[in-house]
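Below you'll find the structure, written out as structure tokens, and then a few comments.
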Amino acid sequence: MELAVHLRDLTDAQALNDLPEQFSILYGEKAVKGLDWSALVDQRSLRLYIGDEFCIHRLPDIEELDAICQVAKGDFRGLTFLTPPLTDAGIDRCGPLFDILKDMDLGTEVVVNDWGVLLFLKEKYPSFQLSVGRLLNKGFKDPRLSNPDDAPELLADRAEFFNTCTFDSVEFPAKMQQLKVKRLERDLFPFGEPEIKRHGELQTSVYFPFGYITTGRVCWMSSFHAVAGRKFSISNGCRRTCQKLSLKLNHAKTDLQLFQTGNTIFYLYPPSKLAALVKQAETQKLRLVYQGLMV
């Protein structure tokens, strides 16, 4: 098992020593008893994830990225840079960040959540190790399905319906090898089995303890300070409210614990799913990416 941690900035690194306490807050002492996360406390055993897969406004600026790269050289086992879906203007904006990563020559992995960005990086930055992000792995995540067992019309095909995703299709691994993609990044589906399928030589990363439900370009949180008539506008600007605030959501039709950060809604894995994921990671060489500090 390989462990990684996703940091927004270097100040979050101080929270690594508090990870056991964070799990206790999320799940309760009883639920996490028996799960050993001691390896997460040793910063030098970790791979570092930076950037963001959902929003360009949460990417580091040039100075922040340079500082993070300097720390990654000595204190972490490697560096992975997450990128969100990008417009042409977004790609231009990220160009200086890609240049820094190239010049640092850290063997950086870049996670893409946009097929256009993947092709762009293959052409302009062939030294990057490319991974396909979880936004490109489509599957059923709607939390409004309160109880799958109460949907008789789904019983016959339920297992396939809840576990089917893009990454597990027969054609997908061969296409990824053709594109020289080395890794797939994914999360657990809320109604599916916790087992993660491996695909030939493709390596796998799994995010925990949150999976994402949905995301979008229009951010509710960015509209909190906007004047009437300008809320929910793409051109509204961003105050990075999500870096200071996350919301816990309630929905009468689901038992999932839901949270919103910025433009994205997440769900917390039940303890049983988390335990099963850890067990599989230990035996099948999965990379687990702790993202609790980002949500």
Side-chain angles (χ1 to χ4, degrees), residues 1 4 6 23 26-27 31 35 49 53-54 82 84-85 111-113 131-173 175-176 181 183-200 202-216 248-249 251 253-261 263-292 294-295:
M1 176 174 66
H6 187 189
F23 272 93
L26 287 172
Y27 289 103
L35 292 178
Y49 272 55
E53 55 206 312
F54 302 107
L82 291 167
V111 177
V112 297
N113 288 283
S131 301
V132 170
R134 55 180 170 167
L135 271 69
L136 297 177
N137 188 31
K138 308 302 181 182
F140 185 82
K141 292 187 172 185
D142 193 332
R144 294 171 295 181
L145 182 61
S146 57
N147 187 351
D149 294 330
D150 291 339
E153 67 274 12
L154 295 177
L155 288 181
D157 302 316
R158 183 177 60 189
E160 180 179 0
F161 180 69
F162 292 142
N163 291 284
T164 298
C165 64
T166 305
F167 288 178
D168 293 337
S169 66
V170 175
E171 302 84 3
F172 196 79
K175 185 63 178 178
M176 292 302 96
V181 169
R183 179 176 292 274
L184 304 179
E185 312 268 328
R186 60 193 301 170
D187 50 18
L188 300 181
F189 287 91
F191 304 108
E193 298 296 329
E195 182 178 359
I196 299 295
K197 299 178 182 178
R198 295 294 301 273
H199 301 284
L202 288 172
Q203 299 172 322
T204 302
S205 301
V206 187
Y207 295 80
F208 76 102
F210 299 95
Y212 90 96
I213 293 285
T214 188
T215 188
K248 186 170 183 179
L249 308 179
H251 196 293
K253 292 186 176 181
T254 185
D255 293 328
L256 295 173
Q257 294 191 56
L258 303 177
F259 301 84
Q260 180 164 354
T261 299
N263 62 346
T264 307
I265 296 176
F266 297 88
Y267 60 97
L268 181 67
Y269 297 161
S272 59
K273 279 185 180 286
L274 182 59
L277 174 62
V278 172
K279 184 177 181 179
Q280 184 183 6
E282 291 174 340
T283 58
Q284 298 193 18
K285 297 182 180 180
L286 299 177
R287 176 189 293 171
L288 296 186
V289 184
Y290 180 69
Q291 206 171 30
M294 293 295 292
V295 179

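None of the values given here were measured: they were computed from a predicted structure.
- With rounding to the nearest 0.5 Å, the separation of CD1 in I196 from CD in Q284 is 9.5 Å.
- Residues F259 and L268 come closest through the heavy atom pair CE1-CB, 4.1 Å.
- With ring centers used as reference points, F208 lies under 6.0 Å from Y290.
- Not one N or O on the side chain of T264 forms a donor-acceptor pair closer than 3.5 Å with the backbone of F54.
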**OP:** Evaluate the criterion ring pair (Phe, Tyr, Trp, His ring centres under 6.0 Å) for residue pair Y207 and F266; output intermediate values, then yes/no.
**Re:** CA-CA 11 Å; Y207 295 80; F266 297 88; 9.8 Å; no
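- Here the rule is side-chain contact (heavy atoms from CB on, under 4.5 Å) with M1, and of L288, T283, L286 only L288 fits it.
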Original post:
Passes side chain to side chain donor-acceptor pair (under 3.5 Å), S205 versus R183? Steps please.
Top reply: CA-CA 7 Å; S205 301; R183 179 176 292 274; 2.9 Å; yes
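- In this structure N113 satisfies the side-chain hydrogen bond (donor to acceptor under 3.5 Å, both in side chains) test with no other residue, sequence neighbours excluded.
- For F167, the ring-ring contact (aromatic ring centres under 6.0 Å, His included) test picks out F172, with sequence neighbours left out.
- Between L135 and E53, the closest side-chain pair of non-hydrogen atoms falls below 4.5 Å.
- Partners of E195 under the side-chain hydrogen bond (donor to acceptor under 3.5 Å, both in side chains) rule, at least two apart in sequence or in another chain, do not exist in this structure.
- At a threshold of 4.5 Å between non-hydrogen side-chain atoms, the residues V132 and M176 count as touching.
- The shortest heavy-atom contact between G216 and N263 is O-ND2, 2.7 Å.
- The shortest side-chain heavy-atom distance between F210 and D187 does not fall under the 4.5 Å cut-off.
- If you take NZ on K279 and CG on L277, they are separated by 12.5 Å, rounding to the nearest 0.5 Å.
- For the atom pair R134 CZ and C165 SG, the distance stands at 13.5 Å (nearest 0.5 Å).
- Every residue was checked against the side-chain hydrogen bond (donor to acceptor under 3.5 Å, both in side chains) condition with K273, not counting sequence neighbours, and none meets it.
- Taking the ring-ring contact (aromatic ring centres under 6.0 Å, His included) definition, one finds that Y49 meets it with nothing, sequence neighbours left out.
- Using cut-offs of 30° and 60° on the angle between ring planes, the pair F140 and F161 is tilted.
- Of all heavy-atom pairs spanning I213 and P143, the tightest one is CG2-CD, 3.8 Å.
- Residues meeting the side-chain hydrogen bond (donor to acceptor under 3.5 Å, both in side chains) test with D142, sequence neighbours left out: R144.
- S169 and T166 get closest at one heavy-atom pair: OG-O, 3.0 Å.
- Considering CG of N137 and CZ of R186, their distance stands at 5.0 Å, rounded to 0.5 Å.
- With K141 contributing its side chain and Y212 its backbone, the two residues share a donor-acceptor pair below 3.5 Å.
- A distance of 10.0 Å separates CD of Q203 from CD of E185, quoted to the nearest 0.5 Å.
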